[in-house]
4 protein chains.
Amino acid sequence: MEHVFRLTLSCPDRVGIVARVSNFLAQYNGTITEANQHADMKEGWFFLRNEIKAESLPFDIHTFREAFAPIARDMDMDWEVHDSATKRKVVIMASHDAHCLADLLNRWHAGDLDCDIPCVIANHDHLRSLVEWHGIPFHHVPVDPDQKADHFEQVEQIIIDHQADTVVLARYMQILPEAFCQRWSHRIINIHHSFLPSFVGAKPYHQAFERGVKLIGATCHYVTADLDAGPIIDQDVTRVSHRDDIQEMVRRGKDVERTVLARGLRWHLEDRVLVHGNKTVVFE
Amino acid sequence: MEHVFRLTLSCPDRVGIVARVSNFLAQYNGTITEANQHADMKEGWFFLRNEIKAESLPFDIHTFREAFAPIARDMDMDWEVHDSATKRKVVIMASHDAHCLADLLNRWHAGDLDCDIPCVIANHDHLRSLVEWHGIPFHHVPVDPDQKADHFEQVEQIIIDHQADTVVLARYMQILPEAFCQRWSHRIINIHHSFLPSFVGAKPYHQAFERGVKLIGATCHYVTADLDAGPIIDQDVTRVSHRDDIQEMVRRGKDVERTVLARGLRWHLEDRVLVHGNKTVVFE
Amino acid sequence: MEHVFRLTLSCPDRVGIVARVSNFLAQYNGTITEANQHADMKEGWFFLRNEIKAESLPFDIHTFREAFAPIARDMDMDWEVHDSATKRKVVIMASHDAHCLADLLNRWHAGDLDCDIPCVIANHDHLRSLVEWHGIPFHHVPVDPDQKADHFEQVEQIIIDHQADTVVLARYMQILPEAFCQRWSHRIINIHHSFLPSFVGAKPYHQAFERGVKLIGATCHYVTADLDAGPIIDQDVTRVSHRDDIQEMVRRGKDVERTVLARGLRWHLEDRVLVHGNKTVVFE
Amino acid sequence: MEHVFRLTLSCPDRVGIVARVSNFLAQYNGTITEANQHADMKEGWFFLRNEIKAESLPFDIHTFREAFAPIARDMDMDWEVHDSATKRKVVIMASHDAHCLADLLNRWHAGDLDCDIPCVIANHDHLRSLVEWHGIPFHHVPVDPDQKADHFEQVEQIIIDHQADTVVLARYMQILPEAFCQRWSHRIINIHHSFLPSFVGAKPYHQAFERGVKLIGATCHYVTADLDAGPIIDQDVTRVSHRDDIQEMVRRGKDVERTVLARGLRWHLEDRVLVHGNKTVVFE
């Protein structure tokens, strides 16, 4: 992994944005290792992502921020710059099913997910040893249907205590409170086990089976207060047939779920996902 | 193309169905060139498709029907047997867009669609020369929004006059009357330009664009009185991104639409699609 | 999982095979839960797979074998029948890379791979704790380049000691001796990290990168003495572009490798793979 | 279709290239509607493609060329700029099979391929009426196996007479002479009916069938003197099984061939394909 700074920005589209940004970087002799941009003509909005070799620049991330701020202000940019040497802290939340959690832990363990995982939170206890084998603390926070508010208060406190900046719902089957979603806007990633917007809500494989579809899918999206309706990061599908009962659909779907979730999270961690309204620009 | 009889049947599941059918065929020395079967455990229903080399049997399709009828009666079979030498007659209906129609005509012209196309019906006239170049009669039946009943009466009369047994809606954008759908049940094939059940109804690419999905698709299904809700024959998808505006989605979607429609129609023509309730068994 | 007997057979094609088999089953009131057959016209060879509900039959697997043997003899069948209650014993072999091994262990742990894993053998020791966490014995058998024969002798002895009937090479990077391959014919499954027959041999991702292909793949096949040339069970691909360096190709390829290996192994365990010459019939 | 200038360039990588280009455009108030860039770290080479709204610039394409030339010289750029209002002239060459040719003509007729097609050349005459129905001249240039040089001389003369800048081999089954390939370097696009580098040369579907692969594919590439070894523009695959004989593989493969060829040609026409060595950068 090369040491880079990742600059992402979006702003009203106009002439000269790229010139302004690239002059800024050239002036400090910054080597751009990857660059993406997109102009949304319909919305009149511009999006950019640059990776700059950290060692090519004469300053650290803080000075970068200060130096770039006037340009950003000038052009009404919504912007961020991240130092790849500072790993993101990702709390994973799970419930019964192990497949997405186990897959993320595997990838993390193999060095394929560039983040720290300060802890895993689950409303059941049986995944504890799997998590702890990876050297990651496990918090069991049960859900009492009559005291859901308590549950979410505890969960959020744990997230805060661990200074997480991203939360991944790895088949965590509870609906988050509206205020929770808003406080963590664009920082909670969910995997929904259908090709949204088909089969919103509970038991999507059952719905898919009943409708007789020939493909089933999964959708990775940012969580908003509107159930299963947040900005979509990635989706994929796999083929099914009349031979597949619900159990087999679930089994096949698992492979799609974990692939899509891992891909979406990876893009998020590499600052490749920019949100505008309820849609994403993904510079993969 | 080998000369075969295609036997398809479905019936309540029980022990001995295959034995009964295969004994019948073996008794007449019938060579099975392809065989598929499926037992739907949940519904307790059994499905079978056999292709038998015509020349291996001592009788023609009519005698086959008579000889097999007692077995079918005994086992409450819903069944058919087709002689591959008798081509199906398929009427294609179109509107503005040429891509699905042109694709079907191409395949037919290349010998890849085993059917006759007695005529094409369209509510606009501009595809006439394309159709006529293929040596196929073209009927222009305009739609007067205030006299839709007249339009459909004319259309159905043309279909009947041409003794069609299958109707393909190749992006024919009108909603068929309920009674029409019922009279031609499981014999009208439509291509819907979305991955159903997402984006039912009008302008699915616009809906897909608004939702920000990362895959768009198409669905080939039998038409029922319930709009876009009939038994699905086949579906497929293709990847899109933030770079694709609606026009580009439409362009990419066309490739999926015509591939899926051609595949669905081909399966239908080869008696590979068995309908049960609102779902299909496809012995591809 | 339902308790079934799985009957697979192949033999010279002729009239009446299905009748004979299905009569046999019907005579004992056997309920067929899944049936597949295939006639290879070019080779004149017939393939069949039946799943029969165990409890519907009046006898156990041994009596089944005795009762069916005369039919099989009569028709020159190459045949087997397995009791799904008797789990196959699968020894997994690995080397450096964890992804395929970890994936198989995950699936097995989740109950998605219907087999026993009596042990894992590796020529490096660092995957020990991963394996042992799953409660599976781990054998470290190093390779001395000058004493390869010793290595393979030890390995084969361990396999025999554990009474394995299947060996999976989960990115085990050694070439097996010819005699080893022959003794375990159609019982050793390998995952090759390319879309064979492209990029046979070492470093396929490097070869793919050099050639500038736009898709990379993986191939699951039975091992024969002929390197990377055995009967193919399954293959799949994923898209790459000019942006992907070798390291990224390796990362993307891993997802394909483990999906394809898991699928191939699952089909093998469910007796869905019939080998004829150097090709497979896969009744998925 | 918006009226744009398309600037493409490649050069040794160094700091400040983007700044230089974007300053140039900003200075003339040019609106960038699409921008792509890629730095090949291993080769130390930089690639860029910009689409600039023509009406936003104060000059035409000739003045653009003059104004940009000093920058290009300074930075050792291999570069081009095209006016989207000047359509490319594409000569299509065919042989027996109609599917790729018919597909390209369809797309062109539907306005989905932004080029002129001054003529079609074929070594057989039976596709004449298909071509002429589209209003395109058809040249029948037969191949005498003993006089191949004559054939290619005639073919090249026709291409020159029609002032073509691109030649598409739509399943034209002759091997072009080396000198021909060199004169038209990166301007002849071929569709090979396999997933290269598998099954180079003749009858790839037969080779695929013999090997028992589970996916077949097609490859769109620039023609070089080295048979089937030129820079790959695009590839795709489709699934096959033991049920598919060679004829069925051919039929399934056709769909892949035409999709891949149409996509590759479209990217070529939109200046999205940059060649470096024997590999392509595709800014799709």
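Here is how names work: the chains are called A, B, and so on, in the same order as the sequence lines, proteins then strands, and each is numbered from 1. Side chains included, hydrogens not; waters and symmetry mates left out as well; all remaining heavy atoms used. Owing to the predicted nature of the structure, the values given are computational and were not obtained by experimental measurement.
- For chain A, the option among C/Arg266, C/Lys254, C/Gln247, C/Glu284 with the highest count of heavy-atom pairs below 4.5 Å is C/Arg266.
- Atom CG of C/Asn106 sits about 6.5 Å away from atom CZ of A/Arg258, to the nearest 0.5 Å.
- The stretch residues 120-134 of chain A places A/Ser129, A/Leu130, A/Trp133 near chain C, each with some heavy atom under 4.5 Å from a heavy atom of that chain.
- Only the side chain of A/Arg107 comes within less than 4.5 Å of a heavy atom of chain C; its backbone N, CA, C and O stay farther away.
- Residue A/His82 forms a side chain to side chain donor-acceptor pair (under 3.5 Å) with just one option from A/Arg6, A/Glu270, A/Arg88, and that option is A/Arg88.
- Contact annotation: the side chain of A/Phe195 never approaches that of A/Leu215 to less than 4.5 Å [non-hydrogen atoms, C-beta and beyond].
- Judged by distance alone, with hydrogens and angles left aside, the side-chain atoms of C/Arg171 form no donor-acceptor pair with the main-chain N or O of C/His99 at under 3.5 Å.
- You'll find the ring centres of C/Phe283 and C/His38 outside the 6.0 Å limit.
- Residues forming a side-chain hydrogen bond (donor to acceptor under 3.5 Å, both in side chains) with A/Asn36 (at least two apart in sequence, or on another chain): A/Glu34.
- A donor-acceptor contact closer than 3.5 angstrom links the side chains of A/Thr166 and A/His268.
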